[in-house]
Each structure stands twice: as structure tokens, then as C-alpha cells.
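Everything quoted here is computed from the prediction, not taken from an experiment.
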Amino acid sequence: MATKQANLKPSAADEAVTQLQEALAGAGIVLPSLDSDFGSPYLNLVELGRVRADVAVKLAEVVRRGTA
């Protein structure tokens with residue numbers, strides 16, 4: 001059964017994805033698989049996806065700086 005997702009306003013997960021993409025872009029980080037989890041739209045899950053090891057290390061550095 002198809003849902004009418006085109007008529008739905010952005011979910012909390014969609015908004016979180018946008019905010020995270022913007023924040024990561026400011027740090028020069030791109031998570032290519034970052035997206036809303038379409039398999040569970042009512043749970044508002046965010047799929048972070050897979051990244052290369054160097055990107056994960058850069059992300060860890062940014063998080064450490066932000067929590068220091």
C-alpha cells in the first residue's frame with residue numbers, strides 16, 4: 001500500500017537531517033548516506049549511514065572540540 005508522503009509536511013527526522021547536514025557542512029564533513037529512515041516514518045529515526053574512517057575521525061575531533 002503506497003502512502004501519500006508527498007502531501008506530508010517534513011517530519012522531525014527530516015528536519016533533524018537538514019540541521020545535522022548544515023552543522024556538519026560547517027565543519028567540512030559530509031555524511032553521504034545521511035537521511036531519514038523511510039522504513040519507520042512514525043519513529044522519526046535518522047539513518048547516519050556509513051562513512052570512511054578518515055571522516056569518522058574528523059567527526060570525532062569536531063565532537064571533542066564541541067564538548068571540551
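Under the salt bridge (charged side-chain N to carboxylate O under 4.0 Å, His left out) criterion, no residue pair touches residues 58-68, with sequence neighbours excluded. Listed by first and then second residue, the side-chain hydrogen bond (donor to acceptor under 3.5 Å, both in side chains) pairs that reach into residues 43-57 are Arg52-Asp54, sequence neighbours excluded.
The side chain to side chain donor-acceptor pair (under 3.5 Å) test applied to Ser40 returns Asp37, not counting sequence neighbours.
A single hydrophobic cluster is not seen to contain both Val62 and Val57; linkage of ILVMFWY side chains at heavy-atom distances under 4.5 Å, directly or through other members, places them apart. Under the 4.5 Å side-chain contact rule for hydrophobic residues, Leu45 and Leu20 do not share a cluster.
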Pairs of donor and acceptor atoms involving the side chains of residues 22-36, under 3.5 Å and at least two apart or interchain, shall be tabulated with distances.
{"residue": "Ser36", "atom": "OG", "partner": "Asp14", "partner atom": "N", "Å": "3.4"}
{"residue": "Ser36", "atom": "OG", "partner": "Asp14", "partner atom": "OD1", "Å": "2.3"}

